[in-house]
Q: 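Pasting a structure below so you can have a look.
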Number of protein chains: 2
Amino acid sequence: MPATELKDDAMTTTDTVEQATGPDQIFDDLYNRIITLDLLPGTKISETEVARSSGYSRQPVREAFTRLANLNLLLIRPKRATIVRPFSRDLIANARFIRAAIELEVIRQVADARDTSVDAKLKNSLKAQRDAIADADTAAFHDLDYDFHRLLCQSAGRPAAFDLIAANKAQVDRLCMLSLTSTAAMQDLYDDHTRLVDALLSGKAPEAETILRKHLGRLDPIIDAIYTTHSGYFEE
Amino acid sequence: MPATELKDDAMTTTDTVEQATGPDQIFDDLYNRIITLDLLPGTKISETEVARSSGYSRQPVREAFTRLANLNLLLIRPKRATIVRPFSRDLIANARFIRAAIELEVIRQVADARDTSVDAKLKNSLKAQRDAIADADTAAFHDLDYDFHRLLCQSAGRPAAFDLIAANKAQVDRLCMLSLTSTAAMQDLYDDHTRLVDALLSGKAPEAETILRKHLGRLDPIIDAIYTTHSGYFEE
DNA sequence: ACACCAAAACTTGTATACAAGTCAACATCG
DNA sequence: CGATGTTGACTTGTATACAAGTTTTGGTGT
């Protein structure tokens with residue numbers, strides 16, 4: 001799940017494995033609720049309220065709020081209130097830009113000199129994606145898509161790069177939750193993935209770049225559509 | 001200065017201009033001291049101590065600590081202590097990777113369709129860099145270099161992209177403070193800048209990419225050298 | 001009924017007190 | 001003299017109380 005991965009991004013503890021502590025639980029819970037639109041953009045959310053319902057004090061809640069605000073998922077208005085951050089054309093464009101930049105460099109690295117020990121996992125992922133499409137299981141496909149792009153970072157020898165990709169991906173995914181994903185769309189994404197893997201394993205960097213740009217660009221018309229149909233969830 | 005720019009990165013307030021509040025002052029102060037190596041890697045730093053010397057309570061200090069830890073400048077070891085984060089080969093490699101990825105996409109955008117209103121500022125910056133070299137003013141050149149790369153982001157229409165570049169640049173700059181910058185090195189950097197601007201203004205994207213990769217790669221031998229001469233500041 | 005003002009009920013920001021864990025110094029025993 | 005156990009002085013994590021500001025609500029006067 002996205003939250004558990006992203007948690008490492010803002011982790012301040014050592015690399016020793018530790019059970020989820022107070023702020024982490026609150027962070028994960030709120031993160032999931034925001035990402036899944038259980039908490040809609042603009043929803044007011046109070047430190048005191050979350051503290052009560054979570055059983056913790058306001059202090060851990062504040063820490064979780066800060067981390068979520070740094071991810072542009074919460075908007076803290078001092079002395080006023082804290083709300084789930086509305087969508088923003090500018091923030092989304094930035095997130096798209098950053099993700100594309102990093103992932104393009106990732107696949108360049110993969111095409112040039114990849115970690116071949118990840119090859120099997122990539123092929124396994126493709127097979128699992130095929131199965132998810134056969135079952136019309138959109139949720140499973142979404143998770144597999146997430147893992148697929150993480151595997152690409154691992155193959156590039158830059159697993160940490162996925163933290164940034166995930167953070168910016170979340171920004172866009174939250175928006176796209178408003179659009180139903182059809183099996184046809186899944187098929188398109190899967191075809192991109194297979195063609196991308198083919199190009200990467202044969203070292204065709206320019207072709208891989210073209211495929212990835214088109215792959216990431218598939219979201220643009222969806223974003224535009226949602227902007228017109230759900231303008232109420234956007235800022236201003 | 002880097003700190004004031006970076007502050008916006010972690011800003012949680014609205015976009016209204018506000019005077020520096022408690023945590024921001026502490027953050028800026030610590031940020032500068034860490035970046036300039038006034039606080040060396042491994043230095044123990046206590047919330048209580050900083051709170052006393054700054055006149056604030058522990059709470060604002062904690063917030064500043066968290067932000068600095070998220071930038072990989074502090075390492076908070078729960079219940080043990082907080083130290084200025086030692087250098088890490090892995091973190092530096094990641095920072096180099098991320099910065100290169102973003103800046104390469106930036107210059108591709110500039111070469112493709114730039115904001116021409118920034119052209120004059122770029123040329124002014126180049127002239128100022130020339131003057132700094134003539135005066136052998138390394139500090140001034142460093143600041144101009146910082147501004148130059150920010151201008152590139154503006155020219156690409158993605159000023160926010162510079163926040164990430166700056167954050168990762170700081171990670172490397174802190175290390176390179178250990179190496180004295182010669183006027184010869186400045187001249188090399190300046191030559192890169194001029195050739196980069198030439199390529200960008202004539203829309204030669206591939207050439208610009210090559211120049212930028214070489215430009216960013218100039219730090220690699222310096223990093224390696226410092227790793228051997230100052231291994232004590234590295235983790236493990 | 002409507003405009004306006006005041007007070008109460010919110011919000012986040014800060015300070016202080018306490019809890020839990022780690023580490024180091026030191027006394028004590030073999 | 002050395003190893004060891006215990007106590008104390010640190011550290012960060014958490015809870016609570018208070019301060020400052022905003023928004024809403026209700027009453028009052030016109």
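Protein chains get the first letters and strands the later ones, always in sequence-line order, with residue 1 at the start of each.
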Q: In chain order, what residues pass the side chain to side chain donor-acceptor pair (under 3.5 Å) check against S117(A), with sequence neighbours excluded?
A: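 By the side chain to side chain donor-acceptor pair (under 3.5 Å) rule, S117(A) matches D115(A).
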
Q: Expressed as a whole number of angstroms, how long is the span from E49(A):CD to dA9(C):P?
A: 17 Å

Q: Which pairs, protein N/O on one side and nucleotides 16-22 of chain C N/O on the other, fall under 3.5 Å?
A:
none

Q: Is any side-chain nitrogen or oxygen of T82(A) closer than 4.0 Å to OP1 or OP2 of dT12(C)?
A: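 The answer is yes; a side-chain N or O of T82(A) sits under 4.0 Å from OP1 or OP2.
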
Q: Under the ring pair (Phe, Tyr, Trp, His ring centres under 6.0 Å) definition, can you give me all pairs with a residue in residues 59-92 of chain B, not counting sequence neighbours?
A: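 Listed once each, the pairs are F87(B)-F234(B).
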
Q: Using atom types as modelled and distance alone, determine if a side-chain donor or acceptor of S53(A) lies under 3.5 Å from a backbone N or O of V50(A).
A: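 The answer is yes, because a donor-acceptor pair under 3.5 Å joins these two groups.
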
Q: What nucleic acid atoms does I45(A) come within less than 4.0 Å of, heavy atoms only: base, sugar-phosphate, or nothing?
A: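 Sugar-phosphate, backbone atoms only, no base.
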
Q: Roughly, in whole Å, what's the span from CG in L74(A) to C1' in dT12(C)?
A: 13 Å

Q: Would you kindly give the CD-to-P distance between Q25(B) and dT14(C), to the nearest whole Å?
A: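 Rounding to the nearest Å, CD of Q25(B) and P of dT14(C) are 10 Å apart.
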
Q: Check K121(A) with D147(A), please: is the shortest side-chain N to carboxylate O separation under 4.0 Å?
A: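 No salt bridge links D147(A) with K121(A).
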
Q: Ignoring hydrogens and angles, tell me if any N or O in the side chain of Q171(B) forms a donor-acceptor pair with the backbone of L71(B) under 3.5 Å.
A: yes

Q: Could you check how far CD1 of I76(B) sits from C1' of dG13(D), rounded to whole Å?
A: 11 Å

Q: How many whole angstroms separate atom OH of Y56(B) from atom C1' of dA15(C)?
A: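 About 13 Å, once rounded to whole Å.
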
Q: Expressed as a whole number of angstroms, how long is the span from E63(A):CD to dT12(C):P?
A: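 It is 16 Å, rounded to the nearest whole Å.
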
Q: Looking only at atom types and distance, does a side-chain atom of N168(A) sit under 3.5 Å from a main-chain N or O of L164(A), one as donor and one as acceptor?
A: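 Yes, because the side chain of N168(A) sits within donor-acceptor range (under 3.5 Å) of the backbone of L164(A).
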
Q: Does OP1 or OP2 of dG13(C) have a side-chain N or O of R62(A) closer than 4.0 Å?
A: yes

